[in-house]
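Take a look at the structure set out below.
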Amino acid sequence: ALPAAVDLKPGMFVRVEIETGGTTALVVSLKALVWREAGPAVFIVSDGIARLKPITIRRKASAVVEVVHGLATGDRIVVEGAGLLNDGEKVRAEIASAQPLNTAP
């Protein structure tokens, strides 16, 4: 609903944003994904060792995907160079900054 004083005429273009009530989702960067025979996976880092962890993904939003199975909040994953790793390799981890993402269903 627009106020009566708006000077819009038929055929004019407008830009609108519609908020649909976002949901909270666990997401990872597309750069963290590796594809193996079983499907998508990520490398989880624990005690300096990278372990391959199969995951189930659902939606893609910008440069991230929603993870619906296989990861937990707080898991440390490899983002840069994940495609060059093998299961069980030693890694040196650096903490990256995280930013919240709102995804709509």
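The shown structure was predicted, so the numbers you read here are calculated from the model rather than taken from an experiment.
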Contact summary for [X] and [Y], nearest pair of heavy atoms:
{"X": "M12", "Y": "D7", "result": "SD-O, 3.8 Å"}
{"X": "D87", "Y": "L52", "result": "OD1-N, 2.7 Å"}
{"X": "A82", "Y": "A32", "result": "CB-O, 3.8 Å"}
{"X": "L84", "Y": "E89", "result": "O-OE1, 4.0 Å"}

For the atom pair [atom1] ([X]) and [atom2] ([Y]), what is the distance rounded to the nearest 0.5 Å?
{"X": "L71", "Y": "R76", "atom1": "CG", "atom2": "CZ", "value": "14.0 Å"}
{"X": "K53", "Y": "D75", "atom1": "NZ", "atom2": "CG", "value": "7.5 Å"}
{"X": "I55", "Y": "E66", "atom1": "CD1", "atom2": "CD", "value": "11.0 Å"}

Worksheet item: What residues form a side-chain hydrogen bond (donor to acceptor under 3.5 Å, both in side chains) with K31, not counting sequence neighbours?
Response: E80
Worksheet item: If we only count heavy atoms from C-beta on, is the V78 to V34 side-chain gap below 4.5 Å?
Response: no
Fill in: Pairwise side-chain contact, V65 with V28, heavy-atom cut-off 4.5 Å (strictly under)
yes
Item to complete: Please answer: with hydrophobic residues joined when any side-chain heavy atoms are less than 4.5 Å apart, are L8 and V16 in the same cluster?
Response: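 Cluster IDs for L8 and V16 match.
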Worksheet item: Are L26 and I77 grouped together when hydrophobic residues (ILVMFWY) are joined by side-chain heavy atoms under 4.5 angstrom apart?
Response: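 Both belong to a single hydrophobic cluster.
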Report, one line per pair, each donor and acceptor closer than 3.5 Å where one atom sits in a side chain of residues 35-51; sequence neighbours left out.
{"unit_1": "R36", "atom_1": "NH2", "unit_2": "L85", "atom_2": "O", "d": "3.4"}

